[in-house]
Structure formats: C-alpha cells, structure tokens
Amino acid sequence: MVAREDVIELAKRRGFFFGANGAYGGVAGFYTYGPNGAAVKDNLESAWRDRFTVRQGNMEIEAPTIMPEAVFEASGHLDGFDDMLVECPECGESHRADHLVEDDTDIEEAESIPIPEVEELIREHDLRCPACEAPLSDEPVEEFNLMFETSIGPGTGQTGYMRPETAQGIFVEFPRLKEYARNRLPFGVTQIGPAYRNEISPRKGIIRVREFTQAELETFIDPEADEPPLHEVADVEVRLYPATEQAADDGEAYTTTVGEAVEEGVVGSAWVGYYLGVAQEWYERIGVDTDRFRFRQHLPGELAHYAADCWDAESQVGAAGTAAGSSDGGEPRDEGDWIEITGFAYRSDYDLSKHAEGSGESFTVFKQYDEPETVERATVDPDMATLGPEFGGDAGAVADALRTLAERDPDAFDAGEVEVEVDGETHAVDAEVANFSVEEVTENGEHVTPHVVEPSFGVDRIVYTVIDHAYRTDEVDGEERTYLALDPEMAATDAAVFPLVSNDERLLDLADDVTADLRAAGLSVEYDDSGSIGRRYRRQDEVGTPFCVTVDRDGIEGDGPHTVTVRERDSARQVRVPVADVGAEIAALLDPEDDRAFEALAASYGEIETGVRTG
RNA sequence: GCGCCGUUGGUCCAGUGGUAGGACAUUAGCUUCCCAAGCUAAUAGCCCGGGUUCGAUUCCCGGACGGCGCACCA
C-alpha cells in the first residue's frame, strides 16, 4: 500500500519533509525539507536545469521574490485576486459579492465599490443566495487575496507582493534579457525559485502549500516565423487526456505520439507539443511512473487569464498497491489522486504586451528583413513656433493628433486647412504649418512582440511524485522491507559504506579510507557501523540509497589487492570489486549518461552468491 | 472560511479526573563475517490557552495543526 499517510510517515521519520515551525504549533501550508528531502529536491532541480536550461541552450536568471505593485497591476494578478466573496449562512456556498450586486441592480463594475458599500447594497436589495435563497443581508463580504502583501521600506512605504509565479520576474526583465539573447528570437529564459500563494486552505501535505518552488521556462518566439524542432520528439509516446475526452461520458486518456497529436491538432500548438515530448522524456528519466502519468488539457472554463491553450502534466499519487513487478502486484490498485505537476501554456503576447502598456517600455524585438523594404509614408513636421503661440498648452497634443491623422488619412492634408480633435475640442491648422509630406522610407525590419510558450514545473509536487512512485515493499530473505526505488540521479545519498563488523580495526580503517575515497570522487556518502549489517542495509534502502559498499575480512585476507562488496538496492545482489576501482565504478553506475548497469559490473568482476533473495 | 473527525516519546499506537504504557526507531555496551537476530542499559511524550476541580493528558470552551467533505486553486 502506498497510501499518502505511508509516504508522509516515511517523509517525517526519515527527513524528507515535514510541517515547518512545529515547535510553535506550525502554520498551515509551510514545509521544511529535511536532509534527505533537500538533497532529492536539489537533485531534481539539477536534472531540470540540465534538461531545460543547459541542453536547450537557454539562459537562467534569478529575480527577486518581492516585486512592486505595478508589476502585478500590469500582469493582471491584482485584479484576479481581489475577489469579494460572501458566504451563504445556510448552504455554505461562496459567491462573488460584486457579481450578485451586478446581477440584481443596474450597477456595473461593482468590483470597484468599497466593501462596506457592497454590504450595504446587499442589505438594501435583500440579495439572496443563488443556490438556496437564504438571505445574505447580515453576512460579511470578505476580500480574497491570494498574493502575500508586504510593504517595502519604512513607514507606509511602497506596497509589494511576494511573487505568485516566478514567470513575472522573467517577463519584466525582458527588455534587458533580449539584449543578452542578442535580439534574436527564439530564445528561452529559465528560473528556479520560490513562489507564494496565500492559499485559503492548504491541503494534502506538501502538495498544496503557500510557499513552493517553481521551475519555469519562458520561451520567446516569433509567432510568424519560429517553429519548434518537433522532429526531436515526434516519436515520443505520450498519454493524452484532451478536453473532448474529459467531456465525453465514456471518454478516457489514450496513448499517441507527440508527432501525431500535433499533426491531428489534438495539441493545438506545435510548441506546446514539443515541450510535452521533452518533458515526457524528462519525467521518465527522474523516475515518474508512466502508468501513473498523463497530460490533461484544460477545459475551456479552466483556462487562466493569459492562456490560449494549456495542458497539465498530472501524476497519480496516493494509489494503493505497488508498482508492477513486485510480489503483491496481483491486488487491484486503488485510484489515487491526480495532481497537477506541470502546466504547459501558450501565453501568446499577453504578458509582454501588458508590461509594455504598464511600464511604457518597449517589450519588442526588432526583426530585420532579409532585404530592406521601401515604402511611402505620409508624415508631418509641424511648425511648433506657430502652433505654440496659437494653442498654448495644447500645442503638443495638436502636433500628436496631426501625426496620427497623417498616418490614418493622408488625403485630409490636400485641403488648405485640416481639423484635429484634442480633448473633444476641434482645432483647425493650416496645412502649411503642418508641413505635410509623403516620403519614401526604407524599412529595415519591424518590431515584434514575441509570444511566450511556458512549461511551468511545480518542483515540490514532482518531488512528492518521485518519492510516491518509488515507494515499494517486498521481502528480503523472508523479512518484509520498505524501500525507495529512486533513480540513482535522484537519491539523496549515492552510496553507503559499512565495515561488516565493528570489532576488527582493519575493517574500520579500510571503511574509513573507502569513505574518504568515494567522497573525494564527488559522491555523497553515508558511513555507518552501527547495528547489524542487515539493519544498516534496510536503513539505506528506506531512503533510497542505490548502492552499499561493505568492507569484509574476505576482502583483505587474500593475496591480491583488497576488495569490497557492492550491493545493489533493489535486488540485494552483490559484486566484489577491488578497492582501487570502487569509486570509478560507482560513479559510472550513477552517471545518467552512462547506461552501464549493475549487470555489467557483475559480469566484469563476478557476482557473489549470497543466497539473499528479494521479491 | 464552513461542517465532521482527530492530536499521547523520533514514528505508529494503547490508556487514565490523582501527570502515563507498548511496539518500532535511536544511543552506549556485549555479541556478530552479509540482510530489520539476541542480551544489558539509556534517551525521549500527554498540541496551546482559558474554564470546572483539591488536582485536568483525561471533562467543557476557544485556538493551532492534521484528515475528509464544501468552497477556493487566477
């Protein structure tokens, strides 16, 4: 059984993660990663960085976690949050108070009305719960703000917010980042770091928290020109659960390839399809069980304010029963919970356009044409020496209006006098003064607002998934054991070193040497001489350490070079390896690029017949 | 935020109006040449606040935290 409580119990007991600030009673939604969890999370982030930053040729940045209010005004996060909710005293259902007011009165834009007045309006109009008709007159209207607010600087200072996603830190720096990309599309910027959402009700341990880690990639593309290298992942098999299947009574997820899904339009954006393929392979690499994994398309009503199309990677966790191949695999597996672990969104130019508007800065890339284009353009060069005295403070606005008019309606300047409107007032300007002319202009290119394709990974939920999917129980020599079949790349500890018995100085000394050697080789090593050898193996099995090195007398009493045994976690098989080689051999076993298996090690050094069986 | 249920060593549990017991784990020692063995000993706990009471871990109220359901999840 891999019930969630089993995973959480193991996580607490073995230092993966636990509720933070327990000494003070704790606060919901905040977790501390213990030594093993922090190491797994770090490994996961490294694997992500390797795949989505380094191998994709992207740039990684690190932006502040607190940003000023204006950023979130522009991004739309501020509006999206300030929902006024009123809860029905009878049925407990929450409703948007501003919407209720709008529905039953002539008022529009009730969102901008202060809360006390909204409460007053509810009383005046005797508004009732849409679900059960109970009166809402005496119910408080509450504001839900999912962003953590803080103040920057002393006194009243400036309002700031903890970022609700790392993405905004990338978007707001676009004008500079595009310089680092040498003004060429497409390019990608990544960021791994914490994000904050003041969740109303944090739940399910580490799955729904208020401070969490995101790993996001923002790909900036020219929507007209840039195509993803889809061929790289066209044959990757993915399990898709499109909106149409979710809506159908007998709909279900099905397996196809990325190439076909894009070809058939099931995945609307080739870029999104491309990242589904890249991500699929990455999930497999880090040990997500593909039988408990799918890509689910957002239903139309589910789409975020910025998203044109969106797919979630979902994993199934908390499912009872163990993975295929284990001893008790015959039992039917209970349904677990499907949790979102990554969102793949085509954000179009929403974010960059919004920040351009909000900041007044340019969030575009200049795209040079292959050949310069010559076009005729109507322009004006108003004589300000005349306009100034004539229109006073409005002169600048009049000049702007003339420029706009020249672009829109050049023919207007054929007459001797043109009329422009400024602040509802019509002004007449002599065509001469406007200095109208049609010029030949050479266009070398155009300013393009890039579109954004965003895979956004929830690191904590992936850590949880990796642990949940690695959780196994079996029997070793007739004794039950619990272990984590973590991919070696994810495991907190690379190897453990044990002297077989602790009453022989020679074994203790050699074990110390081997430990030092392995650590010098860059491995994360645990040394343990406490208790029986079996107990020590189980300790390491339970946290997922892939290899145990045991120093025994047989290894030091022969004629040849000293040897030690190397034990593989899942099978408990052992190979005797010379001390001089053990560091390099284990490093090779751990290297994700080196597909040398334990099998190969057994072939080259000879397996020890231990009589120990797992299963 | 609402409703129901819960909270006892590190973990999982038992129990009591007179401040607690087990299992596992941990530590030290003995033993031990390969898979949670054994022996000895040690460390360690009643979520917080208020009330009732001579006395509360136990009963009552409130809070925090956790689980489930509702709502929320841009």
Side-chain angles (χ1 to χ4, degrees), chain A residues 3-6 8-15 18-30 34 72 75-83 85-96 131 139-140 142 144-147 164-165 197-205 207-210 301-307 310 339-340 343 345 458 475-483 498-504 507 529-542 548-557 564-565 567 569 572-574 576 608-614:
Chain A
R4 187 165 67 236
E5 42 275 28
D6 293 334
I8 287 175
E9 189 271 322
L10 177 69
K12 255 194 284 198
R13 191 163 44 78
R14 299 302 245 154
F18 52 89
N21 307 303
Y24 290 95
V27 181
F30 295 93
F72 300 112
S75 71
H77 287 94
L78 214 51
D79 277 352
F81 286 16
D82 271 356
D83 291 353
L85 292 192
V86 60
E87 186 168 309
C88 172
E90 297 294 325
C91 68
E93 190 135 342
S94 285
H95 306 282
R96 288 279 296 264
E139 298 308 307
E142 311 223 356
F144 273 23
N145 193 327
L146 286 186
M147 281 197 294
E165 58 175 4
R197 297 179 193 183
N198 200 359
E199 295 285 351
I200 297 160
S201 175
R203 283 289 167 87
K204 298 180 194 298
I207 292 169
R208 182 98 169 270
V209 286
R210 292 185 165 127
E302 215 177 335
L303 288 172
H305 60 269
Y306 50 75
C310 191
I339 60 169
E340 176 193 347
E475 283 188 4
V476 177
D477 242 19
E479 295 282 348
E480 194 174 308
R481 90 170 157 163
T482 298
Y483 68 108
F498 313 139
L500 182 57
V501 289
S502 51
N503 59 356
D504 187 329
L507 300 187
D529 61 8
S530 153
S532 75
I533 189 68
R535 180 184 296 268
R536 285 178 272 164
Y537 284 141
R538 299 303 168 80
R539 273 189 200 127
Q540 296 303 322
D541 290 344
E542 204 175 30
C548 290
V549 176
T550 303
V551 179
D552 63 351
R553 259 178 229 144
D554 289 350
I556 61 173
E557 287 180 341
V564 293
T565 65
R567 168 191 181 267
R569 176 193 60 212
R573 291 165 63 196
Q574 293 189 331
R576 185 168 290 282
I608 301 168
E609 185 42 61
T610 61
V612 176
R613 293 286 176 271
T614 63

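Numbered from 1 within each chain, the chains take letters A, B, ... in sequence-line order.
Residues that satisfy the salt bridge (Lys or Arg N to Asp or Glu O under 4.0 Å) test with Glu9(A), not counting sequence neighbours, are Arg13(A). Lys12(A) meets the salt bridge (Lys or Arg N to Asp or Glu O under 4.0 Å) test with no other residue; sequence neighbours excluded. Partners of Thr482(A) under the side chain to side chain donor-acceptor pair (under 3.5 Å) rule, at least two apart in sequence or in another chain, do not exist in this structure. Here Arg573(A) pairs with Glu599(A), Glu607(A) under the side chain to side chain donor-acceptor pair (under 3.5 Å) rule; sequence neighbours left out. Not counting sequence neighbours, the partners of Glu609(A) by the salt bridge (Lys or Arg N to Asp or Glu O under 4.0 Å) test are Arg613(A). Taking Asp552(A) as the reference, Leu500(A), Asp554(A), Thr565(A), Arg576(A) meet the side chain to side chain contact (heavy atoms under 4.5 Å, CB included) condition, with sequence neighbours excluded. Residues passing the side chain to side chain contact (heavy atoms under 4.5 Å, CB included) test with Val549(A), sequence neighbours excluded: Val497(A), Val514(A), Leu518(A), Val564(A), Val566(A), Val582(A), Ile586(A). In terms of the salt bridge (Lys or Arg N to Asp or Glu O under 4.0 Å) criterion, residue partners of Arg481(A) (sequence neighbours excluded) are, by chain and number, Asp474(A), Asp541(A). Under the rule for a side chain to side chain contact (heavy atoms under 4.5 Å, CB included), the partners of Asp477(A) that lie at least two apart in sequence or sit in another chain are Val612(A).
Remark: Ser201(A) is not in phosphate contact with rC72(B), judged by side-chain N or O atoms under 4.0 Å from OP1 or OP2. The shortest distance between the side-chain N/O atoms of Lys204(A) and the OP1/OP2 oxygens of rG66(B) is not below 4.0 Å.
Taking atom C1' on both rA56(B) and rU16(B), the two are 11 Å apart, rounded to the nearest angstrom. rG51(B) and rG9(B) have their P atoms separated by 26 Å, given to the nearest Å. Spacing between rU40(B) and rA23(B) at atom P, rounded to whole Å, works out to 12 Å. Nucleotides rG55(B) and rC13(B) are separated by 28 Å at their C1' atoms, to the nearest Å. For the C1' atoms, the distance from rG49(B) to rG10(B) is 26 Å, rounded to whole Å. Here the separation of rA44(B) from rU8(B), taken at their C1' atoms, is 13 Å to the nearest Å. Separation of the C1' atoms belonging to rC46(B) and rG6(B) is 15 Å when rounded to the nearest angstrom.
Positionally, the nearest nucleotide of RNA chain B for Leu507(A) lies more toward the 5' end than for the other of Leu507(A) and Phe30(A). Both Thr565(A) and Arg197(A) sit near RNA chain B, but only Thr565(A) has its closest nucleotide nearer the 5' end.
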Is there any protein nitrogen or oxygen under 3.5 Å from a nitrogen or oxygen in nucleotides 24-27 of chain B, and what are the pairs?
unit_1: rA25(B); atom_1: OP1; unit_2: Arg535(A); atom_2: NH1; d: 2.9
unit_1: rU26(B); atom_1: OP1; unit_2: Arg539(A); atom_2: NE; d: 2.4
unit_1: rU26(B); atom_1: OP1; unit_2: Arg539(A); atom_2: NH2; d: 2.5
unit_1: rU26(B); atom_1: OP2; unit_2: Arg535(A); atom_2: NH1; d: 2.8
unit_1: rU27(B); atom_1: OP2; unit_2: Ser530(A); atom_2: OG; d: 3.4

Listed pairs, N/O of protein and of nucleotides 3-6 of chain B, under 3.5 Å:
none

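Of the candidates rC73(B), rC35(B), rC12(B), the closest approach to any side-chain atom of Val612(A) belongs to rC35(B). The listed nucleotides are rC34(B), rC12(B), rC35(B); the one nearest the side chain of Val476(A) is rC35(B). The side chain of Ala28(A) approaches rC65(B) more closely than any other nucleotide in the set rC73(B), rC34(B), rC65(B).
Put simply, the side chain of Ile533(A) reaches to within 4.5 Å of the side chain of Arg536(A), judged on heavy atoms.
Among the atoms of the strands shown, base atoms are found under 4.0 Å from some heavy atom of Ala572(A). The residue Gly531(A) sits apart from the nucleic acid: no heavy atom pair falls under 4.0 Å. Nucleic acid contact for Gln574(A): base, since at least one base atom lies under 4.0 Å from a heavy atom of the residue. Contacts of Glu480(A) with the nucleic acid, taken as non-hydrogen atoms under 4.0 Å apart, include base atoms. At the heavy-atom level, Asp541(A) lies nowhere under 4.0 Å from the strands shown.
Taking atom CG of residue Asp6(A) and atom C1' of nucleotide rU11(B), one finds them 12 Å apart after rounding to whole Å. Arg210(A) has its CZ atom 12 Å from the C1' atom of rC73(B), to the nearest Å. Between the CD atom of Glu9(A) and the P atom of rA23(B) there is a distance of 18 Å, rounded to whole Å. When rounded to the nearest whole Å, the span between CZ of Arg576(A) and P of rC34(B) equals 12 Å. Glu5(A) has its CD atom 9 Å from the P atom of rC68(B), to the nearest Å. Per the geometry, CD1 belonging to Ile207(A) stands 17 Å off C1' belonging to rC72(B), to the nearest Å.
The backbone N or O of Gly34(A) lies less than 3.5 Å from no partner atom in the side chain of Arg14(A), so there is not a single donor-acceptor pair. The closest donor-acceptor contact from the side chain of Arg197(A) to the backbone of Leu146(A) lies at 3.5 Å or more, if one exists at all.
Among all heavy-atom pairs drawn from Glu199(A) and Arg210(A), the shortest one is O-NH2, 2.7 Å.
Stem regions for RNA chain B, each three or more consecutive Watson-Crick or G-U pairs with both distances under 3.5 Å and listed by first number, read B:1-7 with B:64-70, B:10-13 with B:21-24, B:26-30 with B:38-42, B:47-51 with B:59-63.
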